[in-house]
A.B. asks: 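This is the structure I have questions about; it appears just below.
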Protein chains: 2
Amino acid sequence: MPKPVNTSASRREERPAAATGPVDKALAVLDALVQPDAPHRLADLAARTGLPKPTVHRLLHTFAEAGYAVPGPGGNYQAGPRLLGLAATALAASSELRLARPVLDDLRLRTGHLAHFSVRDGAVAVHVTQSEPSPTYRIPLTAGGEVPLYCSAVGWAMLSALPSPAAAELLGGRPLPARTSRTVRDPGAVLAALPAVRERGYAVDDEYAEQDVRAIAAPVLGPGDRVAGAVGIVGLTFTLDEESVAVLGPMVRAAAGTVSAALRGGPGALGIVRGQE
Amino acid sequence: MPKPVNTSASRREERPAAATGPVDKALAVLDALVQPDAPHRLADLAARTGLPKPTVHRLLHTFAEAGYAVPGPGGNYQAGPRLLGLAATALAASSELRLARPVLDDLRLRTGHLAHFSVRDGAVAVHVTQSEPSPTYRIPLTAGGEVPLYCSAVGWAMLSALPSPAAAELLGGRPLPARTSRTVRDPGAVLAALPAVRERGYAVDDEYAEQDVRAIAAPVLGPGDRVAGAVGIVGLTFTLDEESVAVLGPMVRAAAGTVSAALRGGPGALGIVRGQE
DNA sequence: CATCATCGTTCCGGCTCCCGGAACGAACGA
DNA sequence: TCGTTCGTTCCGGGAGCCGGAACGATGATG
């Protein structure tokens, strides 16, 4: 049985905690390479990762030889075919994602809002996949994007499914940075709100992270009550208004329940998703 | 200006050409980790990558600490949140993919067939994204999957857009393995068929790779006529029958043209896709 | 046209730390 | 109870990673 590893609770400082081994450096460069904001020239990647230029140069060369990176025009590197294949495979092979996809599509159709699935990475939530309604108002949520747990519906949903001490540790002890005027900045207050979330079965983000954006989310539990992620919907406040929350909330909760049930039922075995819970 | 790097033309042997550096080994393990066929225990990953057990163990530990892998029940490792985030980001950030997605959806709706976008990785095509019609017959094509260039529509499409010598080199000199009774096994014959593909603007795979499966594809060209990938549709032969090929072929070609035009127009700049070509 | 800043690239000596065979304990099935 | 297979740890040797420094090319600037 593998010994549990502490999943670094605090991350995402600009200098990523001094990558020590060559593997960590490689991961750091890969991570920088796929960030959407171009350009990805050698100097840019070196600056972003905080690694010396020759080191990044050597790594990029290794990646290019293996097909994980490709030198574009103007010295701009981009993700190579192997990396795209790896990414596609990873997303297609993940059992939670495979099960969540049809549920998200259904949820989007029935609510009319952007539906997404996020997983926890330390103290932030990462949006892994989404199902968006055709031309809509620009919702600030993109695949691969991140949002802190303390100011998001998916974050609260996942926190509510965690043991209280664990949630408290993830929130930390000091006041949290305000994202809007409605952000709940006191870790204690967030913690105090979780029982209600547990009770209702879904969490509501009322412009905590972004002005004019409201969200609803519910936790997805895997085998052994492990928190596998969260299902949520996002919309602008005048579309996703307060009255509809009471209607949409249970729908989000049910969707998360469907994914949870499928995840427990047979991890990857059954092809059909049972509509239970 | 970065020196061009030879993108290993021959790959995909079971023992991946003896990964030399620690970075190559890390990539090999990551690649094995996301393969859909479980389980991913230490011994399995070691066997699949051909690396010694302690080496894989150390790498997995590094991955776990960084959140790129997660130890599951029974010593089964799976992709961690960082890896899923990286994958989602990579797929969302790739300009060709961002542009291809809506075109694929449109193509699927108009043809009723599974539409997909693939890129070239050496002598194989990797399916990076797809848009599939709701419950249909099981089409043997999954995201992240691969198929040799010589026996697929996307492969022929990309070969047709390459300079003849390059295509010849990718095909090799010796007879190609048969996948079905209709597989074109002679590299010279494949090469001889490419001008017709260039002329028509799309390639047709008539059960070359799989029994009862037909496919149509057209190449996507980026700035400077670089082959960015190919757009295609796949279906069972009795659904995607011979008569419809003449109708669907131009639609596939037009879809690929749309992506190409958008790709040339502004790499990531413009948000709307022009319906040109 | 001259000058400068910046970028990508190469070099090389030092020494880190990667490597993997071997050994051990635990878990499991027979 | 025994045998097998797994995950894990240890450790000495040396492969090869490391990154400061230097160089040539390129493009911007005055």
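Numbered from 1 within each chain, the chains take letters A, B, ... in sequence-line order. None of the values given here were measured: they were computed from a predicted structure.
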A.B. asks: According to a strict under-4.0 Å criterion, is B:His57 in side-chain N/O contact with OP1 or OP2 of D:dG7?
C.D. replies: no
A.B. asks: Using whole Å, what does the distance between atom P of nucleotide C:dC7 and atom OH of A:Tyr77 come to?
C.D. replies: 15 Å
A.B. asks: Nearest-Å distance, NE2 (B:His40) to C1' (D:dG7)?
C.D. replies: 18 Å
A.B. asks: What is the distance, rounded to the nearest whole Å, between atom CG of A:Leu60 and atom P of C:dG8?
C.D. replies: 10 Å
A.B. asks: Give a yes or no answer on whether the side chain of A:Arg120 reaches the backbone of A:Gly122 with a donor-acceptor pair at less than 3.5 Å.
C.D. replies: yes
A.B. asks: Using whole Å, report how far CZ of A:Arg41 lies from C1' of C:dT9.
C.D. replies: 15 Å
A.B. asks: Report the residues that fulfil side chain to side chain contact (heavy atoms under 4.5 Å, CB included) with B:Leu176, sequence neighbours left out, ordered by chain and then residue number.
C.D. replies: B:Tyr150, B:Pro187
A.B. asks: What does nucleotides 14-20 of chain D look like as a protein-contact string, B for base, S for sugar-phosphate only, - for none, at under 4.0 angstrom between heavy atoms?
C.D. replies: ---SBBB
A.B. asks: Is any side-chain heavy atom of A:Gln35 less than 4.5 Å from a side-chain heavy atom of A:Arg48?
C.D. replies: yes
A.B. asks: Take the protein atom NZ of B:Lys53 and the nucleotide atom P of C:dC18, then report the distance between them rounded to whole Å.
C.D. replies: 21 Å
A.B. asks: Holding to salt bridge (charged side-chain N to carboxylate O under 4.0 Å, His left out), I want the full list of residues that pass it with A:Arg226, two or more places apart in sequence or in another chain.
C.D. replies: A:Glu96
A.B. asks: Looking at A:Ser160, is its backbone amide N or carbonyl O close enough to the side chain of A:Arg198 to form a donor-acceptor pair, meaning the two atoms are under 3.5 Å apart?
C.D. replies: yes
A.B. asks: Give a yes-or-no answer on whether the side chains of A:His57 and A:Thr55 include a donor-acceptor pair shorter than 3.5 Å.
C.D. replies: no
A.B. asks: Output the single nucleotide from C:dT9, D:dT8, D:dC6 whose closest atom is nearest the side chain of A:Leu42.
C.D. replies: C:dT9
